[in-house]
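First up is the structure itself, then whatever we jot down about it.
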Number of protein chains: 2
Amino acid sequence: MSALQAFEEKKRFVHLKELLRSANHIQKIKKGTFLFQEGMVANELYLILSGKIQTGKICQDGKEMCFRICSAGEIIGELTLFTSEPKYLLTAKVIEDGEVAVIKKDYLEEQLLLNPTLTFEYMQWLSNYARRTQTKFHDLILRGKKGALYSTLIRMCNSYGVRLKNGSILIDLPLKNQDLANFCGTTRESVNRMLNSLKQKGVISIAKGKITIHDLDYLKKEVQCENCPVEICRIE
Amino acid sequence: MSALQAFEEKKRFVHLKELLRSANHIQKIKKGTFLFQEGMVANELYLILSGKIQTGKICQDGKEMCFRICSAGEIIGELTLFTSEPKYLLTAKVIEDGEVAVIKKDYLEEQLLLNPTLTFEYMQWLSNYARRTQTKFHDLILRGKKGALYSTLIRMCNSYGVRLKNGSILIDLPLKNQDLANFCGTTRESVNRMLNSLKQKGVISIAKGKITIHDLDYLKKEVQCENCPVEICRIE
DNA sequence: ACGGAGATGTGACGGATCTCACACTTTACA
DNA sequence: TGTAAAGTGTGAGATCCGTCACATCTCCGT
């Protein structure tokens with residue numbers, strides 16, 4: 001599945017990404033730094049060329065909620081376009097070195113209004129984004145923490161899964177227990193216990209910090225997955 | 001606050017709403033019926049002229065998650081525009097008789113691409129929608145069920161609050177415990193207990209099925225509210 | 001190869017929340 | 001205005017989940 005899907009995904013929003021790529025300048029990003037932080041005035045968007053970025057919300061009490069993990073080809077800094085109060089709602093942390101194409105918000109808005117093809121693609125992108133967030137919403141709230149974790153794992157498969165020869169799916173992304181906890185709104189310890197219980201059942205295994213899913217159907221059944229389209233059921 | 005805000009809100013997206021209002025036809029909606037249901041092919045959008053509509057997700061096991069309660073001036077059926085798989089993700093239940101203006105998705109998409117003013121307004125609307133969903137997200141997940149309820153109440157104030165002479169805020173919407181539970185992803189009983197505890201503390205009172213907030217600051221403090229803009233911190 | 005930092009694994013306990021059961025109150029409307 | 005239906009209030013017990021504490025493991029740099 002994954003290869004074809006990735007290919008299809010790459011072909012989407014080509015004009016939009018072309019515009020972004022042709023942008024004012026390229027910026028190197030370094031692991032551990034922030035591309036932007038919550039509350040900052042937002043006047044730029046980014047297209048990831050390489051590396052990985054995690055967006056999320058960091059609370060005063062140290063809690064952290066993770067929204068997306070994005071890699072090459074993804075657009076970041078969205079949602080600020082055309083808004084009256086252009087401040088980033090989230091923080092974007094670099095988790096793998098790389099480069100982003102930087103584009104000024106004003107310029108992009110201008111281009112979008114001039115070019116219907118771009119308009120179309122951007123709206124498509126934004127609608128998809130909103131639909132993704134909305135489905136995540138009930139996944140995370142409706143079936144307790146276990147449901148939250150399972151559905152996060154399913155999304156990870158759709159976004160970063162690599163099908164192995166034996167049919168299992170490797171989530172090709174180094175994920176710590178704490179990271180998953182931040183995605184699910186739970187704690188490291190709870191994630192650890194749940195993952196171990198999945199290991200014992202033979203549903204998953206973990207090697208070198210990466211999770212392999214052996215029995216995706218088990219997870220799907222547990223969360224009463226409705227097999228919504230893959231462009232919606234993903235993590236980024 | 002509320003009066004002015006409502007006024008400001010009314011002035012937003014005027015061209016977009018004008019287009020919707022000039023639509024193909026007007027449809028009467030009757031309490032208890034569904035405007036559309038999850039999974040249906042989506043080829044229409046609606047502008048509410050009067051009455052109230054609740055959108056949400058209904059699960060097989062009877063659980064229900066409520067997303068928005070919308071009244072006159074709100075747009076419903078969104079998020080299907082420009083998507084490749086145009087199916088409604090949510091169900092829209094009429095909770096108060098009224099009328100909606102119906103507009104064909106195809107026609108609206110066409111108009112949007114022709115008219116930059118419309119494009120601009122729609123994007124603005126969609127961005128706001130996405131931002132609203134995103135902030136709700138962590139409000140509901142990060143601070144337990146109590147946090148979920150409190151933040152729902154705060155949003156209700158911003159959307160349906162009427163400031164009374166004594167400074168309290170009446171949420172001018174008949175809300176059952178079960179409704180609030182569906183917004184928060186919790187149970188009727190839990191909501192009931194939490195509301196009663198708030199009553200005892202004098203933070204709220206309830207009369208004729210409507211909640212009045214006496215001490216909004218108490219709620220805000222409890223959820224570490226960051227006073228995000230009102231167009232984002234709302235229920236619809 | 002070693003030491004230490006960071007990550008994982010796990011028990012014990014407590015509080016939050018759900019579930020079930022049922023009494024009571026309010027509302028709708030015949 | 002009486003009566004059923006719908007909604008609310010509340011206890012008890014079970015379960016989920018977070019917190020704390022600490023042991024163990026893994027990986028990385030020197």
Side-chain angles (χ1 to χ4, degrees), chain A residues 31-32 54 59 61-66 93 95-97 140-153 171 173-201 204-212 222-223, chain B residues 30-32 54 59 61-66 93 95-97 138 140-153 171 173-201 204-212 222-223:
Chain A
K31 180 172 174 173
Q54 190 186 67
C59 300
D61 55 11
K63 281 186 190 169
E64 203 172 326
M65 169 102 240
C66 187
K93 194 187 342 182
I95 58 173
E96 189 185 300
D97 291 1
L140 291 198
I141 292 172
L142 232 41
R143 300 190 194 292
K145 301 305 181 181
K146 196 181 276 192
L149 178 62
Y150 291 4
S151 90
T152 300
L153 288 175
I171 298 175
L173 197 64
L175 283 172
K176 282 167 272 182
N177 289 347
Q178 185 66 61
D179 296 328
L180 284 169
N182 293 344
F183 267 105
C184 302
T186 180
T187 59
R188 174 188 78 73
E189 293 92 330
S190 291
V191 167
N192 186 268
R193 284 184 242 264
M194 291 188 278
L195 287 181
N196 284 335
S197 140
L198 287 176
K199 271 192 224 166
Q200 280 178 11
K201 294 196 186 88
I204 68 167
S205 61
I206 304 184
K208 296 187 197 160
K210 291 180 181 176
I211 300 175
T212 301
E222 287 286 310
V223 297
Chain B
K30 199 107 189 82
K31 179 171 173 172
Q54 190 185 67
C59 301
D61 56 8
K63 281 185 190 173
E64 201 172 329
M65 169 101 240
C66 186
K93 194 186 342 180
I95 57 172
E96 189 186 299
D97 290 1
H138 56 248
L140 291 198
I141 291 171
L142 232 42
R143 299 190 195 293
K145 300 307 182 181
K146 194 180 276 191
L149 178 61
Y150 291 4
S151 90
T152 300
L153 289 175
I171 298 175
L173 197 64
L175 283 172
K176 284 167 270 180
N177 288 348
Q178 186 66 62
D179 296 328
L180 284 170
N182 292 345
F183 267 105
C184 302
T186 180
T187 59
R188 175 188 77 72
E189 293 93 331
S190 292
V191 167
N192 186 269
R193 285 184 241 265
M194 290 189 276
L195 287 181
N196 285 335
S197 139
L198 286 176
K199 272 191 222 166
Q200 280 178 10
K201 293 197 187 88
I204 67 167
S205 62
I206 303 184
K208 296 187 195 159
K210 291 182 182 176
I211 299 176
T212 301
E222 287 287 310
V223 296

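The shown structure was predicted, so the numbers you read here are calculated from the model rather than taken from an experiment. Residue numbers start from 1 in every chain, and the chains themselves are labelled A, B, ... in the order their sequence lines are given, proteins ahead of strands.
With a 4.5 Å cut-off on side-chain heavy atoms, Lys30(B) and Glu96(B) do not count as touching.
Atom P of nucleotide dA16(C) and atom CD of Glu222(B) are separated by 12 Å, given to the nearest angstrom. As a whole-Å value, the separation of Asp179(B) CG from dG7(D) P is 8 Å.
Nearest-nucleotide positions on DNA chain D place Gly185(A) closer to the 5' end than the other of Gly185(A) and Lys208(A).
Between dT10(D), dT17(C), dT8(D), one nucleotide has an atom nearer to the side chain of Lys176(B) than all others, and that is dT8(D). Of the listed nucleotides (dT8(D), dG9(C), dA12(D)), dT8(D) has the atom at the smallest distance from the side chain of Asn177(B). The Thr187(A) side chain lies nearest to dG18(D) when the options are dG18(D), dC18(C), dA21(C). Here the side chain of Lys145(A) is nearest to one of dC17(D), dT17(C), dT10(C), namely dC17(D).
Applying the 4.0 Å criterion to OP1 and OP2 of dG9(C), one finds that Lys199(A) has a side-chain N or O inside that range. Look at Asn196(A) and you'll find a side-chain N or O under 4.0 angstrom from OP1 or OP2 of dT10(C). The side chain of Asn192(A) contributes no N or O atom lying less than 4.0 Å from OP1 or OP2 of dT8(C).
Residues that satisfy the salt bridge (Lys or Arg N to Asp or Glu O under 4.0 Å) test with Lys31(B), not counting sequence neighbours, are absent from this structure.
For Arg188(B) against dG9(D), a side-chain N or O and a base N or O form a donor-acceptor pair under 3.5 Å. Between the side chain of Arg193(A) and the base of dT19(D), at least one donor-acceptor pair of N or O atoms lies under 3.5 Å.
Note that the NZ atom of Lys146(B) and the OG atom of Ser190(B) stand 11.0 Å from one another [nearest 0.5 Å].
Between the side chains of Asn196(A) and Gln200(A), not a single donor N or O lies within less than 3.5 Å of an accepting N or O.
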